[in-house]
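Notes follow once the structure below has been shown.
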Amino acid sequence: MDLIARLRAGLPGEAILTDPDITGSYANDMASFCEAGTPAVVVLPRTVEQVQHIMRTATELRVPVVPQGARTGLSGAANASDGCIVLSLVKMDRIIEINPVDRIAVVEPGVVNAVLSRAVNEHGLYYPPDPSSWEQCSIGGNIGTASGGLCCVKYGVTAEYVLGLDVVLADGRLLTTGRRTAKGVAGYDLTRLFVGSEGSLGIVVRAVLALKPEPPGQLALAAEFPSTAAACAAVCEIMARGHAPSLLELMDRTSIRAVNAMARMGLPDSTEALLLAAFDTPEPAADLAAVGALCTAAGATEVVPAETAAESDLLLQARRLTLTALEQVKSATMIDDVCVPRSRLAELLDGTAAIAEKYGLTIGVCAHAGDGNTHPTVCFDAADPDESRRARESFDDIMALGLRLGGTITGEHGVGVLKKEWLARELGPVGMELQRGIKGVFDPLGILNPGKLF
């Protein structure tokens, strides 16, 4: 029995896509410079049992499986391989439970991040992880890449909110990990192992997520600096003094000018760095005043605190527009996510500026400054082979710089195809040997998302 016939034995007809024009649209995510193959079939299950049937079929026929969510990823982790089954989980999109007493939500992997966030808000609760693509990205994808967001400086990343998982293994067995309780230390932490595994160990079909009480509305300030060094010094001082901002973001000169060109924001051309801070504390105005004073002491030329939520939204608009504005500079972009210790942030920004000059490219940097996670964005003409080569080389130089500064090649986007060569450099031979060993335990045939991570 061939692959399609075997799949049809356990799936409804509408769950199986074989038209090449349609299946080709599922071949890749949003990453640049990442190879993608041609899938044999795309399947869109709606139940756990259907996912189990797909994986049993894949195991029996030795067919690779590439799990996908909303395909908003930036590392090629969801890219198809030739002849694979693309297993799209977007139809498994139920919020099964929201429990205000236990402060948990139980969801399927296709639930969109923003949909969950709004649903729990109705119960006075808060799901903090908020990737920039939160209106499109799915919880399963967030778990697969261990994604972050603007609020990570205070609330942490996706991994800190995943309490338990239901996972269909490569051979079709169903594994339940973790717990629904506030505490639990029974056995190895398999839940955390799956978070960030990019679909290489199993298919997440249900997640138990921790929730927090909904915080008060936040107030923000914007501080303009004459140098990135001064802005980064302010970041270090803010964190060293024990402040807990709900957001602490930085834009470099290139990003500021791109936003000005697109949206006429009126930011001065003399501004070399813009720091944005926000607090959702009971007395945010007092916290903003204290942080504003630290910014002034660090050399800020102007500090503008908001007095209302509407004013805060206006101040934060420039940061929200950054990536869109940089996309207007050239026909293509490569978005890095190198993360370094906060104390080395200025060195990374200055080093990135030097790399941009070396390669004759526009590279804008916006950063989750409070946790050292930067997004250098390389702008280039995809139709120009030489410029595309320089873009890729500059991207590699930025990752090398991050490692030299004691950082990591990815803070929230994942490894996928784009960075797998760099993963070996970061982890070293012993680390890679153990990583491959773990992969072999869960996926002895190597059919789960082959070619990703390593």
Side-chain angles (χ1 to χ4, degrees), residues 29-30 44-48 51 67-74 77-78 87-168 176-182 191-192 194-199 202-218 246-247 280 320 368 412-414:
D29 61 19
M30 297 179 69
L44 297 100
R46 291 181 179 271
T47 69
V48 173
V51 176
Q68 287 185 352
R71 291 185 291 116
T72 57
L74 293 166
L87 200 172
S88 173
L89 295 155
V90 295
K91 300 294 186 182
M92 297 182 68
D93 60 356
R94 293 184 304 144
I95 298 175
I96 298 167
E97 178 186 356
I98 296 173
N99 188 320
V101 175
D102 294 331
R103 293 183 181 170
I104 61 169
V106 182
V107 305
E108 290 183 328
V111 172
V112 171
N113 185 293
V115 171
L116 174 63
S117 295
R118 293 181 184 119
V120 302
N121 288 164
E122 293 177 5
H123 295 266
L125 296 169
Y126 178 43
Y127 180 66
D130 61 343
S132 59
S133 59
W134 78 304
E135 291 281 6
Q136 295 86 35
C137 65
S138 65
I139 294 298
N142 294 170
I143 292 170
T145 58
S147 59
L150 299 182
C151 72
C152 293
V153 61
K154 181 174 182 178
Y155 292 104
V157 295
T158 296
E160 294 166 68
Y161 294 88
V162 182
L163 297 177
L165 296 170
D166 283 357
V167 182
V168 175
T176 296
T177 76
R179 63 194 194 278
R180 291 172 57 100
T181 55
T191 303
R192 198 68 176 252
F194 282 103
V195 179
S197 66
E198 302 183 21
I203 312 297
V204 172
V205 291
R206 191 166 297 157
V208 181
L209 304 174
L211 305 174
K212 289 185 175 292
E214 188 173 12
Q218 66 180 9
S246 54
L247 174 151
D280 59 5
R320 296 191 183 103
H368 308 312
E412 56 188 6
H413 292 171

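When reading the values below, keep in mind they use all heavy atoms of this one structure, side chains included, and skip hydrogens, waters and symmetry mates. Here the structure is a predicted model, which is why all the values come from computation and not from measurement.
- With salt bridges taken as basic N to acidic carboxylate O contacts below 4.0 Å, one links Lys154 and Asp280.
- Using a 4.5 Å cut-off on side-chain heavy atoms (C-beta onward), Thr177 and Phe194 make contact.
- Between Cys152 and Val157 the shortest side-chain heavy-atom distance falls below 4.5 Å.
- Contact between Cys137 and Asn142 at its shortest, heavy atoms only, is SG-ND2, 3.4 Å.
- Taking both residues in full, the closest heavy atoms of Ser133 and Thr72 are given as OG-OG1, 3.6 Å, listed atom of the first, atom of the second, then distance.
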Practice task
Would you please test Val208 and Val162 for side-chain contact (heavy atoms from CB on, under 4.5 Å) and show each step?
Solution key: CA-CA 6 Å; Val208 181; Val162 182; over 6 Å; no
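- Between the side chains of His123 and Glu214, no donor-acceptor pair of N or O atoms lies under 3.5 Å.
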Handout entry: Chi angles and distances behind the side-chain contact (heavy atoms from CB on, under 4.5 Å) call for Tyr127, Asn113
Key = CA-CA 9 Å; Tyr127 180 66; Asn113 185 293; 4.0 Å; yes
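- Judged purely by distance below 3.5 Å, without hydrogens or angles, the side chains of Gln218 and Ser246 pair a donor atom with an acceptor atom.
- The two residues Ile95 and Ala119 have their closest heavy-atom pair at CD1-CB, 3.8 Å.
- Looking only at side-chain heavy atoms (C-beta outward), Val111 and Arg94 stay at 4.5 Å or farther from each other.
- Across all non-hydrogen atoms, the minimal contact from Asp102 to Asn99 is N-OD1, 2.9 Å.
- Between Arg46 and Glu108 there is no salt bridge, since no side-chain N of the basic residue sits under 4.0 Å from a carboxylate O of the acidic one.
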Practice task
Go through the steps for Val120 and Leu209 under the test side-chain contact (heavy atoms from CB on, under 4.5 Å), then give the verdict.
Solution key: CA-CA 11 Å; Val120 302; Leu209 304 174; over 6 Å; no
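- Between atom CH2 of residue Trp134 and atom CZ of residue Arg118 there is a gap of 4.5 Å, rounded to the nearest 0.5 Å.
- The minimum heavy-atom distance linking Cys151 with Pro128 is given by the pair SG-O, 2.9 Å.
- With respect to Glu160 and Arg192, no salt bridge is recorded, no charged nitrogen being found less than 4.0 Å from a carboxylate O.
- The side-chain heavy atoms of Arg206 and Val48, taken from C-beta on, include a pair separated by under 4.5 Å.
- Separation of atoms CD (Gln68) and CG (Leu87) is listed at 9.0 Å; rounding is to 0.5 Å.
- Once rounded to the nearest 0.5 Å, the distance linking CG of Leu247 with CG of Leu150 reads 5.5 Å.
- The residues Arg71 and Asp29 are annotated as not salt-bridged, no charged nitrogen and carboxylate oxygen being separated by less than 4.0 angstrom.
- Residues Ala114 and Glu135 share a closest heavy-atom pair of CB-OE1, 3.5 Å.
- Here Tyr161 and Tyr155 keep their ring centres 6.0 angstrom or further from each other.
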Practice task
I would like to know whether Leu163 and Thr191 meet side-chain contact (heavy atoms from CB on, under 4.5 Å); could you show each step before the answer?
Solution key: CA-CA 7 Å; Leu163 297 177; Thr191 303; over 6 Å; no
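- Side-chain contact between Met92 and Val51 is present, with at least one heavy-atom pair separated by less than 4.5 Å.
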